[in-house]
Amino acid sequence: GGGDQLLRSLVERIQHVLGPREVLGRVGGEEFVVLAPDSGLHQAWALGERIRAEVEAAPLLLDGHVLGMTVSVGVTEAAPGESDVTALLQRADAALYAAKRAGRNRVVASGDVAPAALPVPA
């Protein structure tokens with residue numbers, strides 16, 4: 001159905017932005033996780049912003065209707081030697097909900113509104 005087509009289109013757009021070592025997985029109905037093993041927090045935030053911009057820039061034509069899509073992105077990084085994936089996902093989830101509370105269609109890093117060295121999207 002239309003919902004499946006939307007999700008497929010979303011996955012294609014996210015994968016279009018990812019590098020060869022970055023992995024996309026689905027963790028819920030409309031929630032996805034991207035693992036970026038070579039990225040620190042700033043690089044991961046920038047990747048989230050590229051994903052956000054890619055999704056927003058390409059409306060989907062569905063049954064003759066043009067549908068715009070946006071995503072909210074929560075970003076975190078593993079501490080050196082950290083192996084607790086559950087805690088990592090909880091931090092990313094908290095950042096995701098902060099992005100949603102801040103008005104959606106944005107990227108929020110855990111413990112920060114956005115890395116200071118990067119511009120905040122308008």
Side-chain angles (χ1 to χ4, degrees):
D4 289 341
Q5 194 173 339
L6 277 172
L7 286 175
R8 275 197 303 275
S9 175
L10 179 64
V11 166
E12 285 170 10
R13 282 164 203 181
I14 294 171
Q15 286 177 328
H16 182 252
V17 175
L18 298 183
R21 286 183 35 84
E22 294 161 348
V23 178
L24 174 66
R26 188 173 178 185
V27 292
E30 297 175 356
E31 284 198 3
F32 294 85
V33 63
V34 172
L35 300 177
D38 301 322
S39 298
L41 196 61
H42 285 331
Q43 294 99 327
W45 189 92
L47 173 62
E49 179 56 26
R50 289 196 305 277
I51 291 169
R52 188 206 63 74
E54 174 80 15
V55 170
E56 184 182 40
L60 176 71
L61 186 63
L62 183 66
D63 298 330
H65 300 283
V66 176
L67 300 176
M69 285 193 296
T70 63
V71 292
S72 300
V73 180
V75 176
T76 194
E77 69 178 331
E82 180 178 19
S83 60
D84 184 352
V85 175
T86 302
L88 190 66
L89 288 174
Q90 285 172 340
R91 290 199 306 275
D93 208 43
L96 167 64
Y97 282 99
K100 290 182 177 184
R101 281 195 307 275
R104 300 179 178 266
N105 192 28
R106 66 191 64 227
V107 181
V108 171
S110 62
D112 204 347
V113 175
L118 294 166
V120 177

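Bear in mind that the values here come from a model prediction, so they are computed numbers and not experimental data.
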*Show your working on side-chain contact (heavy atoms from CB on, under 4.5 Å) between Leu47 and Leu18 and close with a plain yes or no.*
CA-CA 8 Å; Leu47 173 62; Leu18 298 183; 4.1 Å; yes

Taking [Y]'s backbone N and O only, do any of them form a donor-acceptor pair with [X]'s side chain (distance below 3.5 Å, no angle check)?
X: Trp45; Y: Val107; value: yes
X: Glu56; Y: Ala53; value: no
X: Arg106; Y: Arg104; value: yes
X: Glu49; Y: Ala46; value: no

Residue pair [X] / [Y]: nearest heavy atoms and the distance that separates them:
X: Pro59; Y: Arg13; value: O-NH2, 3.7 Å
X: Leu7; Y: Gly29; value: CD1-O, 3.8 Å
X: Glu82; Y: Ala78; value: OE1-CA, 3.2 Å

So how far is it from [X] [atom1] to [Y] [atom2], rounded to the nearest 0.5 Å?
X: Glu31; Y: Ser72; atom1: CD; atom2: OG; result: 10.0 Å
X: Asn105; Y: Arg52; atom1: CG; atom2: CZ; result: 4.5 Å
X: Thr76; Y: Leu89; atom1: OG1; atom2: CG; result: 9.5 Å
X: Gln5; Y: Leu62; atom1: CD; atom2: CG; result: 4.5 Å
X: Arg50; Y: Ile14; atom1: CZ; atom2: CD1; result: 13.0 Å
X: His16; Y: Ile51; atom1: NE2; atom2: CD1; result: 12.0 Å

Does [X] share a hydrophobic cluster with [Y], counting links as ILVMFWY side-chain heavy atoms below 4.5 Å and allowing steps through other members?
X: Val75; Y: Leu96; answer: no
X: Leu88; Y: Val73; answer: no
X: Phe32; Y: Leu35; answer: no
X: Leu67; Y: Val11; answer: yes
X: Val17; Y: Leu60; answer: yes

*Stepwise side-chain hydrogen bond (donor to acceptor under 3.5 Å, both in side chains) check, Ser110 with Arg91*: CA-CA 6 Å; Ser110 62; Arg91 290 199 306 275; 4.7 Å; no

*Does the pair Glu12/Arg8 count as a salt bridge with the N-to-O cut at 4.0 Å?*
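No, Glu12 and Arg8 are not salt-bridged.
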
*asked:* Ser9 vs Met69, test: side-chain contact (heavy atoms from CB on, under 4.5 Å). Steps then yes/no.
replied: CA-CA 10 Å; Ser9 175; Met69 285 193 296; 3.7 Å; yes

